[in-house]
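First comes the structure, then the notes that go with it.
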Protein chains: 2
Amino acid sequence: MPQTSRTNSKKERRQENEALILSAAEKVFAEAGFGGATMQLIADVAGLPKANLHYYFPTKESLYRQVVQNIFQIWLQAADTFDQAEGPAEGIGAYIDAKMEISRRHPAGSKVWASEVMHRAPVIQDYLETTLMEWTDGRAAIVQRWIEEGRMAPVNPHHLLYMLWATTQHYADFGHQIETLNGGAPLSDAQWEEAKKSVKDIILRGIGVIK
Amino acid sequence: MPQTSRTNSKKERRQENEALILSAAEKVFAEAGFGGATMQLIADVAGLPKANLHYYFPTKESLYRQVVQNIFQIWLQAADTFDQAEGPAEGIGAYIDAKMEISRRHPAGSKVWASEVMHRAPVIQDYLETTLMEWTDGRAAIVQRWIEEGRMAPVNPHHLLYMLWATTQHYADFGHQIETLNGGAPLSDAQWEEAKKSVKDIILRGIGVIK
DNA sequence: GTTGAACTTGACCATACGGTCAGGAATGAT
DNA sequence: ATCATTCCTGACCGTATGGTCAAGTTCAAC
């Protein structure tokens, strides 16, 4: 069967197909976990024959690895908001906003990441030990400096970071639970704003930078 | 092959075996997810032939269902600390302590629960809609009352509850990440105390009941 | 001691899965 | 127009999995 679209070159179609497969894989891995996901289902979601998936990604594991690495990139980009900030209120507030936005826009990716870490990070353990550790220590140092400058309450920087991750990621990973408790409906725009505001209010007040 | 232990009656051994299987299943489901777990591996961990598992639990799903329900019971028990409290500082503080203790003592169970919810709760959706919803609304009402009595800052009760769940559960679900960032070592007793203290400090200050 | 119910288990089965491959179709360079 | 390369896919394969079963063993009641 010839390709439906004629306007694209081969190179473009390769990129399109890879993106299509990665997107489908993200959804399926998020909903079923690595073990529960099947190449056949990913193929169906992507609208491609299974054998075609294996042309672009030789194994299920290589496909999964790519999905996880993509999430990690998004995850790291949210860090920029932290660095560019002048002080704790702005930096941590913007970081919460950014991570809440990721939870809202990439819930599947967040779940894949959570699943990967929960299962002892078989694929990205090296990232945890290098990139993530450096990132964390760097941010902890910034927080520590803010504390020493008297710009926020003295809290353990690492546990503060864990709280930021936990709280924001919760809206993606446990989105189904939240939706159920919300009467079965996804959070509305206003409710998302309320969520962001609540998280920021409690944490920023908790570290003594507002009120 | 005859049973090794001769001191137990049949009824006792039934209970023992069921507990043995459930414990093994909890570990394996936590580490591999429902789809990735195999009855053979659970059997190996339990030290029983696979066919014997199917005698006690007819299907993989029924075994999984039992594991999830057990977790949910533990989860609900932590609620008592909330109810018996006289005010927000005591109630929420004790609830955080209780849930942190669950994360520490039952990390596998917490992961199974998280995994179940992340995958849209195929098994315990009815619990979410009934028991959990009632529990949540009841606790939210208590928080609301505390707010109206001027005993804590006006925050959205639901988002406060989500934050409590997220923050405490994070220490179980993302325990591997925390361990890695801790230099590869599990949190020591002192570090667990520090974690509890950090969470309580930030949240209790965040809702205006301390400092 | 006999008997029936509860328990145990090695061997087995059907299915579904990840992955392969041969052969054809489309594409781009010359 | 030719040809090498890339892309596509139905059919296929070996394996591992959830689950079954029949034949046995243990145990408690009488």
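Computed from a predicted structure; not experimentally measured. So you know, we letter chains A, B, ... as the sequences are listed, proteins then strands, and number each from 1.
- Within residues 112-123 of chain B, no residue approaches DNA chain D, by heavy-atom distance under 4.0 Å.
- Screening residues 96-106 of chain B for salt bridge (Lys or Arg N to Asp or Glu O under 4.0 Å), with sequence neighbours left out, gives D97(B)-K200(B), E101(B)-R105(B), E101(B)-K196(B), R104(B)-D189(B).
- The phosphate of dT27(C) has OP1 or OP2 within less than 4.0 Å of a side-chain N or O from R13(A).
- F57(B) has its CZ atom 12 Å from the P atom of dC7(C), to the nearest Å.
- To the nearest angstrom, P of dC17(C) lies 16 Å from CG of L63(A).
- OP1 or OP2 of dG19(C) has not a single side-chain nitrogen or oxygen of Y55(A) nearer than 4.0 Å.
- In terms of the salt bridge (charged side-chain N to carboxylate O under 4.0 Å, His left out) criterion, E194(B) has no residue partners (sequence neighbours excluded).
- Looking at H170(B) and Q169(A), their side chains never bring a donor and an acceptor atom within 3.5 Å of each other.
- Residue Y56(B) has its side chain nearest to dT8(C) when only dC21(D), dC21(C), dT8(C) are considered.
- For D83(B), the salt bridge (charged side-chain N to carboxylate O under 4.0 Å, His left out) partners are R139(B), not counting sequence neighbours.
- Here dC17(C) presents its C1' atom at 15 Å from CD of E61(A), a figure rounded to the nearest Å.
- Each salt bridge (Lys or Arg N to Asp or Glu O under 4.0 Å) pair with one or both residues in residues 20-31 of chain B, not counting sequence neighbours, would appear here, but there are none.
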Reading nucleotides 13-18 of chain D 5' to 3', which nucleotides get B (base under 4.0 Å from a protein heavy atom), which S (sugar-phosphate only), which -? ----SB
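- A side-chain N or O of E116(B) and one of Y64(B) form a donor-acceptor pair less than 3.5 Å apart.
- For R205(A), the salt bridge (charged side-chain N to carboxylate O under 4.0 Å, His left out) test picks out no residue, with sequence neighbours left out.
- Atom CD in E16(B) sits about 16 Å away from atom C1' in dT8(C), given to the nearest Å.
- The interatomic distance linking E18(B) (CD) with dA6(C) (C1') rounds to 13 Å, in whole Å.
- Residue pairs meeting the salt bridge (Lys or Arg N to Asp or Glu O under 4.0 Å) criterion with at least one member in residues 37-65 of chain A, sequence neighbours excluded: E61(A)-R65(A).
- Between N17(B) and dT8(C) there is a side-chain N or O to OP1 or OP2 distance below 4.0 Å.
- Between R14(A) and dT6(D), a side-chain N or O to OP1/OP2 separation shorter than 4.0 Å is absent.
- Applying the side chain to side chain contact (heavy atoms under 4.5 Å, CB included) criterion to I74(A), with sequence neighbours excluded, gives I102(A), H106(A).
- The side chain of A51(A) approaches dT20(C) more closely than any other nucleotide in the set dT20(C), dC8(D), dT20(D).
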